[in-house]
Each structure stands twice: as C-alpha cells, then as structure tokens.
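All heavy atoms count here, side chains included; hydrogens, waters and symmetry mates do not. Values in this document were obtained by computation on a predicted structure and should not be read as measured data. Start at 1 with the first residue, then count along the sequence.
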Amino acid sequence: MTDKLAKLGMLSAGILLGAATLVEAQQTMRHCAPRDTVVERLATKYGETRQSMGLGSNNAVMEVFASPDSGSWTITVTMTNGVTCLVASGQAFEELAEALPPKGDDA
C-alpha cells in the first residue's frame, strides 16, 4: 500500500512538472519524436525503463523512465498523436515508499 502511495506521489509531481512545461515542449519539437524512438533511445543509451505513468487532463500520457544502475531519469509526455516529448531529466533517481502522515498530523 505504501509503495503505491509513494508512486502516486511521484506520479503527481511528474504530472505537475509535465503540465507546467508541456506548452514549452510542444513549441520546441526538437525534443520530440515518435514514442517508439524515444523509448528505444532511453533504453539503449541510458538504460532507462518505465517506472511510472499517468494520464493528464488533455489525454496526454506522462511517464517517468529511470535506470536503477546509473540513477538517471527522464520525464516524457506523449500527446494523443503519438509524439513523445522530453520534459525533464536528471540524476540520482530513487524509488521511495514513504507512508502518509497520520490524519490530523500537520507534518
């Protein structure tokens, strides 16, 4: 249960980040390609596999790819036309399983 909550939290953060930069990503199509091409490149060049995903209000699919070996991560958004855009990337990816604080606790 806590694992699911942690992934939901990470997914929520990714969706917010994806929504905030989706317009920019659409305007700079040099960071976009067909989804199959992007997924293959992330796997072969960076060793990243899909760790989580979610559906945005505009039916865009947000995905987080990461490598447990190197710690690299990438957030992508795939539009309904099948084009996937890179939204953000970085290092030091960690999978977390944090529990929610008890109800009524301000922490």
Subject >> Any side-chain donor near an acceptor of the partner, T74 and S89, under 3.5 Å >> reply: no
Original post:
CE of M62 to SG of C85: how many Å apart, nearest 0.5 Å?
Top reply: 14.5 Å
Original post:
Do you know the tightest heavy-atom contact between S67 and G47?
Top reply: CB-O, 3.4 Å
Subject >> Validation row: R35, T37 side chains within 4.5 angstrom (heavy atoms) >> reply: no
Original post:
Can you name the closest pair of heavy atoms from A66 and Q51 and give their distance?
Top reply: O-NE2, 3.5 Å
**OP:** Would you mind reporting whether E95 and P68 have side-chain heavy atoms less than 4.5 Å apart?
**Re:** no
Original post:
Is W73 reaching over with its side chain to a backbone N or O of Q91, donor-acceptor style, under 3.5 angstrom?
Top reply: yes
Original post:
Considering the options T76, V61, D36, which one meets the side chain to side chain contact (heavy atoms under 4.5 Å, CB included) requirement together with T84?
Top reply: T76
Original post:
Can you check side-chain contact (heavy atoms from CB on, under 4.5 Å) on F93 and V64, steps first, answer last?
Top reply: CA-CA 10 Å; F93 177 81; V64 177; 4.2 Å; yes
Original post:
Atom CE of M79 and atom CG of N58: how far apart are they, to the nearest 0.5 Å?
Top reply: 9.0 Å
